[in-house]
Amino acid sequence: MAVDAKQLAAERAARLKAAVELKEPDRVPFTGIGGDVIAAYAGITSYEFNFDYEKQCQAIIKYVKDFPSDQPVIGMTGLGNHVASMAFSDYPDLYPIISRVDGPTNDILGVDYCRFPGRELDENSSPQFIGREYMSAEEYDELIADPVKFCFEKILPRIVRAFRDMKAPEAHAAMARLALEKAKAGAAMRDMFRQLQELGYAPGGLSVFFAPLDFIGDQLRDIPNLIKDLRRYPDKVKAATEAVLEPLLKVSVNAKGPGVETAMIPLHLNEYLSPALYNEFYWPTLKEGILRLAELGMKSQVFFEGRHDAHLETILELPAGWGTAYFEKTDVRKAKKLLQGHTCIMGGIDVGMVISSTPAKLDEYIKEILGEMMPGGGFILAPNIGNLPRETPIENIRAVYEAVEKYGKY
Amino acid sequence: MVSPEMQKLAQERAARMQAAIELKEPDRVPFTGLGGDIVAAYAGITAYEFEFDFEKNRQAAIKWLKDFPADSPVGGIGGLDNLAMSVAFVDFPDLANQFFMVNGPMNDVLNMKFARFPGRQLDEYSSRQFIGGKNMEPEEYDELIADPVKFSYEKILPRIAGNLADLGSPTSLATMARLGMVKAQQAAEMRKTGAALAELGYPTGGGSTFAFAPLDYIGDHLRDLPNLVLDIRRYPDKVKAAAEAILEVLVKWTLQGKAAGAVQAGFPLHLNEYLSPKLYREFYWPTLKEYILRLREEGMRSRLFCEGWHDAHLDTFLELPAGWGIAAFEKTDVRKAKKVLAGHTCISGGIDVGVVISGTPAEIDEYIKRLLGDMMPGGGFILGPNVGNLPRNTPIENVAAVYEAVEKYGKY
Amino acid sequence: MREQLLKSFVDMDEQEAVKIARELVETDGGAVAVLDTCKEAMEEVGRLFEAGEYFLSELIAAGDMFNQIMEFTLPKLQGEEVASLGTMVLGTVQGDVHNIGKDIFKVMAEASGINVIDIGIDVPHEKFVEAIKEHKPELVGMCCLITLGVDSMKRTIEVIKEAGLRDDIKIIIGGGRVSQAVMEHVGADAWADDAARGVRLSKELLGKE
Amino acid sequence: MREELLKSFVDMDEQEAVRIARELVESDGGAVAVLETCKEAMEEVGRLFEAGEYFLSELIAAGDMFNQIMEFTLPKLQGDEVASIGTMVLGTVQGDVHNIGKDIFKVMAEASGINVIDIGIDVPHEKFVEAIKEHKPELVGMCCLITLGVDSMKRTIEVIKEAGLRDDIKIIIGGGRVSQAVMEHVGADAWADDAARGVRLSKELLGKE
């Protein structure tokens, strides 16, 4: 690896680390912006991006070369397979092959909640999670008694077509095929990460942790049912969140590895819940999860999807320097007033602006946001949601990168 | 990259083998070469390393083939027959063949009841061994006959694979995933070995795939040989019906190997030596014969490795059309076989491993000279060891003596 | 009785609200009273949501109560024509197959008296045009949850323009990723990224606020 | 009765042979008669095998019949000492874990009156020496199925020499891969690659043929 690439990688890592440690780095750390646009920029369909490993890697390398940032922008090529991660949480070596469902994996497994371009969707659509009710309210006690066994025996067969009958040869063949397919994917990824290293990006990635109530809402009961459960079976829901906490932590540890010391925590139900419900059902086990991850040597990067304004103060219950709060709709300026010096704040770029605005306006927009957020450090510039659509004007993207280059210096 | 000379050498070797198979006289006698445990010893590694470390295995094979070149490559990772698993997954063409040969790392994942590996169940210098056992009760013949695939999957697999004992449990599913991981790593290693062999002038295309006499499936993997021999007397009709049912599944399995590019199917024969001609003709040969003919219809040749004594059944080969394939003999004297099968069946073997172990270079030179003198005329002969495994401390000068003698006397 | 129904509904006391509604609907003219009270309650819940006191959890619970009560109230209303504020064609745009946002909005819109024609998810541009011709709605609602939907909305509105139908209707876009900037970009008349705001703006577009 | 037993046994007629033996054993002196006849039958089966008329399938069936009959015959023999023509220590050499060949040979050897001490499979060299010291056999049988066994046999015989026990015993090697050349190589007294030949040569070594 060329010397300057190694040096560049070290600088980028230090920049991000300084922000997370609430200091002022040399420049504002910028995660870069991308998503479905990566495939469009390389002239391939989303289907090809999701199903052809070589084309996917080439598209990512081309995009990252033209739009360098502090983290490689690799787009979204699949969905979490969180029930499977829990069901096999006692088999850490399986984590890399069962934790995510990309296009080819879905062809093998047939996961009920997955929709992929070129399959259930048109070839330029993006992969989507469409969950439904996989667990009935009567099954709360079983979930509470043994979440891992329950997820394996009851839920997995309901969400994975290949596991409809766990005893059958189809289920066992699917596992073997999955490993063989993931090996192919792994080979392509290794090649891509080698090229990324040459472009000055240190290898690594993010582990994942799931807020216990989100796990129940997204993966088991479906959100509308879960919300009604809060009123009808409050004690069972609470007991369930405590029961699933331990295995969910085990999953996060399974994902830990060299260069993978941060757990990404995507929140979904936060925006749905009133403060009362949030504080009674959602926050206690999420908070305990973040604290336990810290004990396990992992920082947390919580993605507060939607509007988190009503629950912002609860973040102060965490120890200073606990990690990063990544905001989608909550105004980062408002968050900074409350959390400066306690929590590293991430976000700031409204994807809607990048899609609809003009290069000149975007230059002004970035200048203004950086002017307000950079002082005092503890800030990472990122898009409020991780996916720029295919038709996002390239000149707008370039304008953002140029503006960050211009105004990003401390 | 494969140099032009090596490409030419590969073509010559392939043509030499092909001519013998087509019962003609090639330029030189095709020689399969000697190998086995000695390949590891020659490279200074243990049997354990040879079975479990793909890189060391490859280096040992390359070192052996450079010093002892022959017409087909030797060495490389071997394994034990795991036919019950291939049958259980025969409806998954991309997998069935992958599960047939269980090597060291695969057995670490599966923990097969029949497997003994150096550095695991054996000391690190022992060779791997298949120890059959009784996995099926006589009362289960009807179930086997009704659906050999379902029976092999639901009843036999859990009994012979330690980590698949509880099908549908997290362990059994995790085991299959881990098997996939090991196979994926090995696929990459196989490609590397293939490339190395090509660079040493060995033909790569048109390989061989697996096949198995239906009755040997029952003997080796279901009832165990002694019990099957008794079953033949106590439940003759059930044994026959089982062989018929199994035939369909095994032909389907072998043709999957054809789809992957193989042009030849290799049968190891085990029960042949146990059976009187009468029992052989009534129970063993009919389904084996139909198997060979069905493969022939699909353009595939068969190679039968007749272990032990096959003298009493030599004439049955004549029921096959001339040029059907290769008969390799372990104990049957190839000269005796030639008298019966010349011009009809390509004969393989001839070198008694005992002589290579205990003879002197001079005796070996004479032995090979006489053997080639008797067997080469008329072609249709492939020289090779009667058993594929030379022990670790076979005197290397004896091995060299064999190769030199073949070089000297092998020209047509 | 109406006061108690309104209070228990707004306070999210499901058993109480359903009990009172069942009693009230048996009295003559009770069905209309129950319907109007529930509409009023839903409006109050929407207001509390926009004021930041109620959240999606309350909106969903309210929508669920509304449906439960309508199940035994609507059959009794067969006689009297239910005054509708107007008709809306509602669908999730092409390429987006999410429906959770659309469903919450639909319950509240119907509760507020809007006659909603739901044309599903992943809706091709032409299907919007056909639905507009068939139902002649005053309003068209386009939902999308993922950013990919932004372009679909833009193209759908262009197709509606080409069909010469743009000026006959008002278009409101809704979903997690919409904003003022996106609204201007796609050429819609209003935007809302939550159901309560969506219902309020829909009524404004119908000139009913 | 003895003739019928001998004929049905040699003809592999299992039901018939077992039936006659059950009857004969009840008559006084019957047990010894049954044992002698079965021994004779086993010898005849061995002879037919070596003549190429019988095969392993017949050897296995004969061994199975012999064991079935001994089950109800041996208990009746408690009184009269069963004339044993000698003692043999039998084992599969180190590194080889096969037992199928050893087991077929053992049944036939016992049927021919040899008292067999089976010391198992994968037998370390020293264990052979200990067994020889303990049981003072006239014969030692070493089995191996795979070529790896050749070297183990050679080393085992060297260890027996070093222990000064070589001349007190005769050694016969057996199994799929042995031959005259291998016998000379390892320094044994006889070799056999089938059970019938093995029993015949063992009796010769005991000076009993």
Side-chain angles (χ1 to χ4, degrees), chain B residues 36-38 47 116 118 121-123 125-133 224-234 271-280 283-284 307-309 311-313 330-331 352-359 363 367 385-395, chain D residues 11-15 48-49 51-65 67-68 92-101 103-104 107 121-122 124 144-155 173 175-188 191 193-194:
Chain B
D37 292 351
I38 190 166
R116 304 290 184 283
Q121 298 81 5
L122 306 172
D123 73 68
Y125 288 97
S126 292
S127 357
R128 65 175 182 272
Q129 289 163 60
F130 175 97
I131 305 306
D224 200 11
L225 281 174
N227 300 323
L228 174 57
V229 163
L230 300 177
D231 292 349
I232 284 174
R233 276 194 169 57
R234 293 181 185 138
L271 198 63
N272 55 324
E273 185 185 24
Y274 283 75
L275 298 180
S276 61
K278 180 173 154 311
L279 294 179
Y280 182 86
F283 290 89
Y284 193 87
E307 287 186 29
W309 297 100
D311 303 38
H313 315 308
E330 186 210 344
K331 292 210 185 131
D352 176 359
V353 160
V355 170
V356 182
I357 294 168
S358 56
E363 283 162 359
Y367 175 86
N386 61 352
V387 172
N389 194 349
L390 279 178
R392 286 182 70 86
N393 26 41
T394 305
Chain D
D11 292 350
M12 297 289 132
D13 188 339
E14 188 183 15
Q15 278 78 6
L48 287 166
F49 178 88
E53 289 171 51
Y54 271 13
F55 287 78
L56 270 172
S57 43
E58 283 68 35
L59 283 197
I60 291 173
D64 188 60
M65 269 191 280
N67 285 341
Q68 279 183 56
T92 306
V93 292
Q94 185 160 33
D96 189 325
V97 287
H98 292 87
N99 55 10
I100 184 162
D103 293 351
I104 301 174
V107 171
I121 59 168
D122 196 8
C144 87
L145 186 77
I146 53 173
T147 52
L148 161 138
V150 168
D151 183 63
S152 296
M153 288 195 264
K154 191 161 190 286
R155 297 267 310 298
I173 56 171
R177 305 287 94 75
V178 298
S179 62
Q180 181 65 25
V182 169
M183 185 198 78
E184 286 157 15
H185 177 64
V186 303
W191 68 275
D193 65 352
D194 69 66

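All heavy atoms count here, side chains included; hydrogens, waters and symmetry mates do not. Throughout, a chain's letter reflects where its sequence line sits, starting with A, and its residues are numbered from 1.
- Distance alone, capped at 3.5 Å, is enough to place a donor-acceptor pair between the His313(B) side chain and the Asn272(B) backbone.
- The shortest heavy-atom contact between Glu273(B) and Phe55(D) is O-CD2, 4.1 Å.
- Of the atoms belonging to Leu275(B), heavy atoms from both backbone and side chain fall under 4.5 Å from chain D.
- In this structure, the portions of Ile357(B) lying under 4.5 Å from any heavy atom of chain D include both its backbone and its side chain.
- Ranking Ser127(B), Ser276(B), Gly359(B), Ser126(B) against chain D, the residue ahead of the rest is Ser276(B), based on heavy-atom pairs under 4.5 Å.
- Proximity to chain D (any heavy atom under 4.5 Å) is restricted, for Glu330(B), to the side chain, taken from C-beta onward.
- Highest contact tally toward chain D, considering only Ala47(B), Gly132(B), Pro226(B), Pro118(B), is held by Pro226(B) [criterion: heavy-atom pairs under 4.5 Å].
- Within the 4.5 angstrom heavy-atom criterion, no atom of Arg392(B) approaches chain D.
- Two residues are said to be in side-chain contact when any heavy atoms from C-beta on lie closer than 4.5 Å; Lys154(D) and His185(D) meet this criterion.
- Heavy atoms of Val182(D) lying under 4.5 Å from chain B belong to its backbone as well as its side chain.
- Of the two parts of Tyr125(B), only the backbone, made up of N, CA, C and O, holds a non-hydrogen atom closer than 4.5 Å to a non-hydrogen atom of chain D.
- Residues satisfying the side-chain hydrogen bond (donor to acceptor under 3.5 Å, both in side chains) criterion with Glu14(D), sequence neighbours excluded, are Arg234(B), Gln68(D).
- Residues Val186(D) and Trp191(D) have side chains not in contact (no heavy-atom distance under 4.5 Å, counting atoms from C-beta outward).
- Interface remark: Lys331(B) contributes side-chain atoms only to the contact with chain D (heavy atom separation under 4.5 Å).
- In terms of heavy-atom pairs under 4.5 Å with chain B, the best-connected choice from Asp193(D), Val178(D), Val150(D), Ile104(D) is Asp193(D).
- Applying the salt bridge (charged side-chain N to carboxylate O under 4.0 Å, His left out) test to every pair with at least one member in residues 51-61 of chain D, sequence neighbours left out, gives these pairs: Arg233(B)-Glu58(D).
- Looking at Asp37(B), only its side chain comes within 4.5 Å of chain D, counting heavy atoms on both sides.
- Within the 4.5 Å cutoff, the side chain of Val229(B) has heavy atoms near those of the Leu271(B) side chain.
- Residues Leu122(B) and Gln129(B) approach most closely at CD1-NE2, 3.6 Å, considering heavy atoms.
- Both the backbone and the side chain of Pro277(B) come within contact range of chain D, each with at least one heavy atom under 4.5 Å from a heavy atom of that chain.
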